[in-house]
*Asks:* 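What follows is a structure written as structure tokens; I'll ask about it next.
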Amino acid sequence: MTLRTKTRRLLRTPPKPTKKAPGKTPVSLIPTPSGYAAWLADVKARIHAAQQRAALAVNRELLALYWWIGRDILVRQRRAGWGTGIVERVSADLRTAFPEMKGFSRANLMYMRAFAEAWPDEAAIVQQPVGQLPWGHNLVLLTKLKTTKARLAYAARAVEHGWSRAVLTLHIEQRSFEREGKAVTNFAERLPEPKSDLARESLKDPYHFDFLTIGADANERELEDALVTHISRFLIELGAGFAYVGRQVHLEVDGRDFYLDLLFYHLRLRCYVVVELKAGEFEPEHTGKLNFYLSAVDAKMRGEHDGPSIGLLLCKTKSRVIAEYALRDTNKPMGVAEYQLVQALPVRLESSLPSIERLESELGESPKPGIRHEVRDESPRKKQPHQSKGRRS
């Protein structure tokens with residue numbers, strides 16, 4: 001029988017229907033016993049926890065390996081007189097021996113050496129937050145910070161808040177840790193411990209609004225509009241725990257309308273935070289108005305389990321002494337801080353500067369995958385529940 005004949009017979013013969021197993025119920029229709037949903041949720045949680053522990057264990061082993069390699073190179077260069085050229089030889093030999101592994105470039109070996117030099121005791125790495133961070137985060141700490149204290153502080157915050165490498169870099173460049181707890185407040189007198197300490201650490205001074213493309217002479221409404229437009233960056237600048245509620249939030253007191261500039265809720269403090277913007281110098285009478293707003297929020301919005309509302313006056317400039325005097329006898333907990341703007345470049349100068357893409361093309365480089373050159377600002381797509389239009393009172 002020729003091949004053509006076989007092909008024709010196969011084409012004429014209809015396929016045999018597949019027989020379904022009699023009486024087999026689809027898995028989705030199988031009834032579940034009592035308590036199954038809770039048990040399944042527990043199993044999923046255990047699996048996720050095991051995955052996290054496995055990832056942490058792998059990360060710890062990798063950091064220990066990198067520390068050991070860096071320490072050995074450092075010691076042998078110092079004691080045995082190995083020159084700097086040996087790093088390039090080590091890189092070539094390791095990449096030949098382990099072609100499937102990444103991380104043995106000359107540059108990364110030099111980072112391993114710097115890592116061991118920054119943390120002389122291997123046990124300290126395991127016990128400190130740096131041991132819980134990926135290698136990329138540790139490179140940021142090494143290259144952008146010079147002191148052990150600063151590295152430990154930012155590492156602890158990165159672990160606590162789950163910062164990505166990009167967010168960690170942003171906080172370091174903005175010097176967030178150095179600005180924490182610097183605002184003038186009356187929290188020590190108006191809030192119980194340890195809540196007063198947490199509230200104080202939650203406020204900075206000054207606040208950096210260099211992500212806004214507005215001039216230094218912007219008025220309060222323009223500043224408010226810009227902050228809401230760039231709410232993602234604004235929340236990063238405010239710090240962990242702040243949740244955006246709305247702008248120009250309406251309050252009615254004895255038949256009169258009042259509007260809060262910006263309203264947030266702090267998840268750790270469990271209280272509302274009223275932010276008032278002042279496009280000029282701080283004046284003592286500003287505290288009286290904010291004190292009234294806090295009383296109204298506590299009376300009309302504060303829940304049973306919420307703490308006392310907190311106020312933050314953001315001013316263009318302030319006298320620290322005048323602010324301290326103004327807050328001394330104020331009943332409500334509040335703070336005063338400055339904000340700083342970086343004026344946008346003139347159009348003529350901005351247009352003459354090369355873009356990042358142009359620089360990369362001229363240098364023969366291309367953007368690396370996974371690395372973003374800027375933080376994208378996302379505006380709220382819809383109004384918040386308390387958002388209301390109206391004039392300032």
Side-chain angles (χ1 to χ4, degrees), residues 52 55-56 59-60 62-64 66-67 70-71 111-185 187-188 191 193-211 232-243 264 266-270 273 310 312 314 320 335-340 371 375:
Q52 291 176 352
L56 287 173
N59 185 65
R60 282 195 298 268
L62 181 66
L63 291 180
Y66 282 0
W67 181 90
R71 193 277 313 270
Y111 283 131
M112 295 178 199
R113 183 185 184 279
F115 184 60
E117 192 171 23
W119 308 103
D121 186 5
E122 183 184 11
I125 301 175
V126 179
Q127 298 167 3
Q128 300 289 356
V130 292
Q132 302 176 45
L133 292 175
W135 178 241
H137 285 62
N138 275 286
L139 292 186
V140 172
L141 297 175
L142 282 174
T143 55
K144 293 189 173 294
L145 297 169
K146 302 301 181 185
T147 66
T148 300
K149 179 182 178 181
R151 287 168 180 160
L152 287 175
Y154 280 103
R157 283 157 179 76
V159 171
E160 180 182 1
H161 304 304
W163 289 347
S164 66
R165 182 167 57 178
V167 173
L168 172 62
T169 303
L170 181 63
H171 279 289
I172 292 175
E173 291 176 349
Q174 295 289 338
R175 299 178 61 84
S176 297
F177 168 69
E178 290 80 359
R179 293 183 285 123
E180 285 180 1
K182 301 299 182 182
V184 180
T185 72
F187 295 157
L191 294 173
E193 293 185 352
K195 193 170 186 176
S196 59
D197 295 332
L198 179 58
R200 180 179 54 81
E201 293 171 2
S202 298
L203 301 188
K204 304 173 184 175
D205 191 26
Y207 284 85
H208 290 171
F209 295 160
D210 53 357
F211 52 89
S232 297
R233 284 293 303 270
F234 186 29
L235 287 172
I236 291 177
E237 175 60 15
L238 285 175
F242 283 88
F264 296 86
H266 200 285
L267 301 177
R268 296 180 64 191
L269 292 170
R270 294 192 176 277
V273 181
I310 290 174
L312 172 60
L314 279 177
R320 192 172 187 89
V336 180
E338 295 180 356
Y339 65 85
Q340 293 180 352
I371 298 180
V375 177

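The residues of the chain are indexed from 1 along the displayed sequence.
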*Asks:* Is the closest side-chain heavy-atom distance between V130 and R151 below 4.5 Å?
*Replies:* no
*Asks:* Around atom CZ of R320, are there more than 12 heavy atoms from other residues, nucleotides or ligands closer than 6.0 Å?
*Replies:* yes
*Asks:* Going through the distances and angles, do F187 and L198 end up as a side-chain contact (heavy atoms from CB on, under 4.5 Å)?
*Replies:* CA-CA 9 Å; F187 295 157; L198 179 58; over 6 Å; no
*Asks:* Should I172 and L141 count as side-chain neighbours, where that means a heavy-atom distance under 4.5 Å?
*Replies:* yes
*Asks:* Between G70 and A116, what is the shortest heavy-atom contact and its length?
*Replies:* C-CB, 3.7 Å
*Asks:* With sequence neighbours left out, write down each residue that passes side chain to side chain donor-acceptor pair (under 3.5 Å) with E178, or none if nothing qualifies.
*Replies:* Y154
*Asks:* Of W67, F115, Y111, which is the lone residue that meets ring-ring contact (aromatic ring centres under 6.0 Å, His included) with W135?
*Replies:* F115
*Asks:* Which residue pairs pass the salt bridge (charged side-chain N to carboxylate O under 4.0 Å, His left out) test with at least one member in residues 131-149, sequence neighbours excluded?
*Replies:* K144-E173
*Asks:* Name the one of V273, T185, V184 that satisfies side chain to side chain contact (heavy atoms under 4.5 Å, CB included) with L203?
*Replies:* T185
*Asks:* S176: what forms a side chain to side chain contact (heavy atoms under 4.5 Å, CB included) with it, not counting sequence neighbours?
*Replies:* H171, Q174, R179, K204
*Asks:* Kindly give the heavy-atom pair with the smallest separation between E237 and P206, and that separation in Å.
*Replies:* OE2-O, 4.4 Å
*Asks:* Looking at every non-hydrogen atom in both residues, tell me the closest pair between A114 and L142 and how far apart they are.
*Replies:* O-CD2, 4.0 Å
*Asks:* Mind checking what makes side chain to side chain contact (heavy atoms under 4.5 Å, CB included) contact with A337, not counting sequence neighbours?
*Replies:* A183, D205, Y207, L312, L314
*Asks:* Return each pair, listed once, that meets salt bridge (charged side-chain N to carboxylate O under 4.0 Å, His left out) where at least one residue sits in residues 116-143; pairs must be two or more places apart or across chains.
*Replies:* R78-E117, R113-E117
*Asks:* If you look at every heavy atom in P134 and N59, which pair is closest and at what distance?
*Replies:* CA-OD1, 3.4 Å
*Asks:* Can you tell if the side chain of R200 reaches within under 4.5 Å of the side chain of L191, non-hydrogen atoms only?
*Replies:* no
*Asks:* Write down the atom of L145, the atom of A150, and the distance for their closest heavy-atom approach.
*Replies:* CD1-O, 3.8 Å
*Asks:* Tell me whether the count of non-hydrogen atoms from other residues, nucleotides or ligands lying under 6.0 Å of CD in E160 goes above 12.
*Replies:* yes
*Asks:* Working to the nearest 0.5 angstrom, can you tell me the gap between L170 CG and F211 CZ?
*Replies:* 9.5 Å
*Asks:* Is it true that R268 and E201 make a salt bridge, defined as a side-chain N closer than 4.0 Å to a carboxylate O?
*Replies:* no
*Asks:* Backbone N or O of Q340 within a donor-acceptor pair of the D210 side chain at under 3.5 Å?
*Replies:* no
*Asks:* Would you call the rings of F242 and F264 parallel, tilted or perpendicular, where under 30° means parallel and over 60° means perpendicular?
*Replies:* perpendicular
*Asks:* Which residues pass the side chain to side chain donor-acceptor pair (under 3.5 Å) test with Q132, not counting sequence neighbours?
*Replies:* none
*Asks:* Give a yes or no on this: more than 12 heavy atoms of other residues, nucleotides or ligands lie within 6.0 Å of atom NZ of K182.
*Replies:* no
*Asks:* NE2 of H137 to CZ of R165: how many Å apart, nearest 0.5 Å?
*Replies:* 7.5 Å
